[in-house]
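In listed order, ligands and their atoms are each counted from 1.
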Amino acid sequence: MLADKRILLIIGGGIAAYKALDLIRRLREHGARVTPVLTRAGEEFVTPLSVSALAAQKVYRDLFDLTDEAEMGHIELSRAADLVVVAPATADLMGKMASGLAGDLATTLLLATDKRVLIAPSMNVRMWEHPATQRNLAQLQADGVMVVGPGVGPMACGEFGPGRMAEVPEIVAAIGAALGDGPLKGRHVLVTSGPTHEPIDPVRYIANRSSGAQGAALAGALRDLGARVSFVTGPASVPAPMGVDVIAVETAQQMADAVAAALPADAAVFAAAVADWRVANAAGQKMKKDGTGRPPMLEFAENPDILARVAQMGEGRPRLVVGFAAETETVVDHATAKRARKGCDWIVANDVSPETGIMGGAENAVMLITDQGAESWPRLPKAEVARRLALRIADALA
Ligand code: CTP
């Protein structure tokens, strides 16, 4: 399952570093190519020679290895991989990753990479349970870092509890999942997300309050199931997930063009809050007060309805087209009518009345409208809504 996958393995300085040697062996048995990086602390636990012998590759040891940029620079090294794995991930490494430090080769690679990162934490139980480590863990997860383990059990230091590095077969399975060996493997899914900005003049625009959180979570959940995701996003306030193809746009027209260019897809999900109107007489220069006290008149033109276009495109239409509906009243009726009007397969409807706190918030309570009727989901974190929706999409495409 890992044939020819390139894995950059960062070995931190913990007693579990010896398991990294076995991990290298197992990964190579599965056909993966492992490029090892050993931190200074890691060298206290395993020797560079044993690491490079098992990997059958040069082991990279610190930034000075890379002064020979002719060989491979750190940016290239961090991007040539399909996946970056940190095992063991010590409390110190996790803290540095969470705060974006780049004082040595390992942390520089982690900051420079554009690939997904999987960590296998390993530390004493008190260190694992310390609020600082838990804070770092939460930050890393929010940044899209995947985590395998730690396990619970007796530890080398004599204590018992969570903190043991996950066992090698578990890490190998997590690497397989991270590399897209899920139910959406081989599928291409398009996701639109975020608001659009419609210019009034070069410095002013009309926008809306969408944060892009639900679209980003959904793109991440689809990626986790193995899909290749094209993520067409307006100027959102939450970052795009790692490991998806990001196409950044500003206006609805640009979003429509980007969507057309990203097709064909097996499924398309339209989570963006697209402006229905653009300013038809947007000024080429900054608009100035003319001294008369009369405000300028803005004329509006209708934007393309991207969802309706794709849902009704006939040949080349994705097998599954999903729209979102943000409503403030009679949600099911409006959303059911919207599903019919736009011609999409499903509508994910939510009540965005200010008192729900959903728009810009961390949770969502949705109704899924399909040809079978309306299904009401409980109020859940946006990441969980995303996970459930991604699983439904995987089912529909199976
Ligand atoms: N949408 C789109 N392109 C647009 C407008 C909307 O792709 N120009 C998509 C959104 O991404 C969302 C769905 O259509 O998936 C619902 O958008 P909404 O703005 O609620 O639909 P409207 O037709 O504008 O309906 P209403 O006027 O009731 O809000």
Salt bridge (charged side-chain N to carboxylate O under 4.0 Å, His left out) assessment of Lys342 paired with Asp305: CA-CA 9 Å; Lys342 302 223 182 197; Asp305 188 324; 2.8 Å; yes
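Other residues, nucleotides and ligands contribute more than 12 heavy atoms inside 6.0 Å of the CZ atom of Arg204. Atom CZ of Arg209 has 12 or fewer neighbouring heavy atoms from other residues, nucleotides or ligands inside a 6.0 Å radius. Atom CD of Gln285 has 12 or fewer neighbouring heavy atoms from other residues, nucleotides or ligands inside a 6.0 Å radius. The environment of Phe45 atom CZ is dense: over 12 non-hydrogen atoms of other residues, nucleotides or ligands sit within 6.0 angstrom.
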For ligand 1, output the ligand-protein N/O contacts shorter than 3.5 angstrom; if there are none, return none.
{"unit_1": "ligand 1", "atom_1": "3 (N)", "unit_2": "Ile306", "atom_2": "N", "d": "3.0"}
{"unit_1": "ligand 1", "atom_1": "7 (O)", "unit_2": "Leu307", "atom_2": "N", "d": "2.9"}
{"unit_1": "ligand 1", "atom_1": "8 (N)", "unit_2": "Pro304", "atom_2": "O", "d": "2.8"}
{"unit_1": "ligand 1", "atom_1": "11 (O)", "unit_2": "Phe270", "atom_2": "O", "d": "3.2"}
{"unit_1": "ligand 1", "atom_1": "11 (O)", "unit_2": "Ala272", "atom_2": "O", "d": "2.6"}
{"unit_1": "ligand 1", "atom_1": "14 (O)", "unit_2": "Lys342", "atom_2": "NZ", "d": "3.0"}
{"unit_1": "ligand 1", "atom_1": "15 (O)", "unit_2": "Phe270", "atom_2": "O", "d": "2.6"}
{"unit_1": "ligand 1", "atom_1": "15 (O)", "unit_2": "Phe324", "atom_2": "N", "d": "2.7"}
{"unit_1": "ligand 1", "atom_1": "15 (O)", "unit_2": "Phe324", "atom_2": "O", "d": "3.2"}
{"unit_1": "ligand 1", "atom_1": "20 (O)", "unit_2": "Lys338", "atom_2": "NZ", "d": "2.6"}
{"unit_1": "ligand 1", "atom_1": "21 (O)", "unit_2": "Lys338", "atom_2": "NZ", "d": "3.4"}
{"unit_1": "ligand 1", "atom_1": "21 (O)", "unit_2": "Lys342", "atom_2": "NZ", "d": "3.2"}
{"unit_1": "ligand 1", "atom_1": "23 (O)", "unit_2": "Lys342", "atom_2": "NZ", "d": "3.1"}
{"unit_1": "ligand 1", "atom_1": "24 (O)", "unit_2": "Asp276", "atom_2": "OD1", "d": "3.3"}
{"unit_1": "ligand 1", "atom_1": "24 (O)", "unit_2": "Asp276", "atom_2": "OD2", "d": "3.0"}
{"unit_1": "ligand 1", "atom_1": "25 (O)", "unit_2": "Lys338", "atom_2": "NZ", "d": "3.3"}
{"unit_1": "ligand 1", "atom_1": "28 (O)", "unit_2": "Lys338", "atom_2": "NZ", "d": "3.3"}

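Taking the charged nitrogens against the carboxylate oxygens, Arg317 and Asp345 do have a contact shorter than 4.0 Å, which makes a salt bridge.
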